[in-house]
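In this text the structure is predicted, and so the values were computed from the model without any measurement. Chain letters run A, B, ... following the sequence lines, proteins first and then strands; every chain starts at 1. Scope of the values below: all heavy atoms of this structure, side chains included, with no hydrogens, waters or symmetry mates.
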There are 2 protein chains.
Amino acid sequence: MSVEVGVGAGRTADTAATSDTAAEAFEKEACPLAEVLDHVAGKWSIGVLVAVAHGPVRFTELERIVEGISRRMLTLTLRRLERDGLLIRTVYPTVPPKVEYSLTDMARELHGTLRALTEWAERHRGEIAAARVRYDAAR
Amino acid sequence: MSVEVGVGAGRTADTAATSDTAAEAFEKEACPLAEVLDHVAGKWSIGVLVAVAHGPVRFTELERIVEGISRRMLTLTLRRLERDGLLIRTVYPTVPPKVEYSLTDMARELHGTLRALTEWAERHRGEIAAARVRYDAAR
DNA sequence: CAGAATCCGTGGGGATACTG
DNA sequence: CAGTATCCCCACGGATTCTG
């Protein structure tokens, strides 16, 4: 996804003119947000995160739970989340191999925070759908 | 972005076996979350949303505030947010034309919810960076 | 079982020129 | 000023095959 909100190469004083509050808010709020999304966005991250949230899950389980995901994308998503310190990968040196994924504390916290978004979505699901119909009807 | 978390075409009873709690949580939580992200994700949406949050902003202002955005993407992002009922577009029939964007109540609520994410990001920024360094160093 | 490697298409997004 | 319209590219992601 990327979400490079662009911290801006420091506007020179003479170009800064209108709506400074909006610009300041943008720089203060948008960037950290972009960071979160850069870790969490990407078509599958959320799905994997939520699926892993309830205790250790194995690779193949995830492949089944997160429906529609390809083997490749599951691997990539897991690697990325692990790299960002959101997932713990535990390998059991058995044969056949067994690998379990679980959330770090940091990720569990994030998972809680995301719940607020879920609730927002559920509260406004209808309103959004209605807005779309209205918008589409108007052309 | 898409985030099609895949509600799944209803697993047949015989295929459902392992880790049902994770699977159930996935279906209950991931999907609404995917919906939010489908409206809010997409490299520029958050930036625009935050920039618009502080009162009516004009098109050109946004083009300057949201640094790096192209004229094309700004338009597309605005249209999408408007369609989802998150933005209000007000046209003043003057010459030259003047168009102002502002958040709907629903979007303002969302903006508040996103603040929790911002805080999470700021709290764990260092931790994430450290995790990355550690991960990259380990190969 | 849990991946790594390879090939390939699709569309998201950048740059630019034009217009009411 | 506030957009459309057009061209083009490449990175994301799907399908498939191979392996420790």
Please state how far atom [atom1] in [X] lies from atom [atom2] in [N], giving the value in whole angstrom units.
| X | N | atom1 | atom2 | value |
| --- | --- | --- | --- | --- |
| Glu61(B) | dC1(D) | CD | P | 11 Å |
| Asp38(B) | dG12(C) | CG | C1' | 14 Å |
| Arg72(A) | dT19(D) | CZ | C1' | 18 Å |
| Phe59(A) | dA2(C) | CZ | P | 8 Å |
| Arg80(A) | dG13(D) | CZ | P | 9 Å |
| Met73(A) | dA11(D) | CE | P | 15 Å |
| Tyr101(B) | dA2(D) | OH | P | 8 Å |
| Leu62(B) | dG3(D) | CG | C1' | 13 Å |

Between Ile69(B) and Thr60(A), which is nearer to the 5' end of DNA chain C once each is assigned its nearest nucleotide?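 Upstream on the strand: Thr60(A).
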Using OP1 and OP2 only, check whether a side-chain N or O of Arg58(A) sits under 4.0 Å from dA2(C).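 Yes.
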Under 4.0 Å: is that the gap between some side-chain N or O of Arg71(B) and OP1 or OP2 of dA5(D)?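 No.
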Backbone N or O of Ala116(B) within a donor-acceptor pair of the Thr113(A) side chain at under 3.5 Å?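 A pair under 3.5 Å: no.
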Does the side chain of Arg132(B) come within less than 4.5 Å of His39(A)'s, by heavy atoms?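 His39(A) vs Arg132(B): side chains touch.
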Strictly below 4.0 Å, N to O, side chains only: are Glu100(B) and Arg89(B) in salt-bridge contact?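 No.
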Distance-only donor-acceptor check, side chains His54(A) and Glu24(B), under 3.5 Å: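 Side-chain D/A pair, His54(A) to Glu24(B): absent.
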Have a look at Thr75(B) and say if it touches a base, only the backbone sugar-phosphate, or nothing, with a 4.0 Å heavy-atom cut-off.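 It contacts base atoms.
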Return whichever of Pro97(A) or Ser70(A) has its heavy-atom-nearest nucleotide of DNA chain D closer to the 5' end.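 Residue closer to the 5' terminus by nearest nucleotide: Ser70(A).
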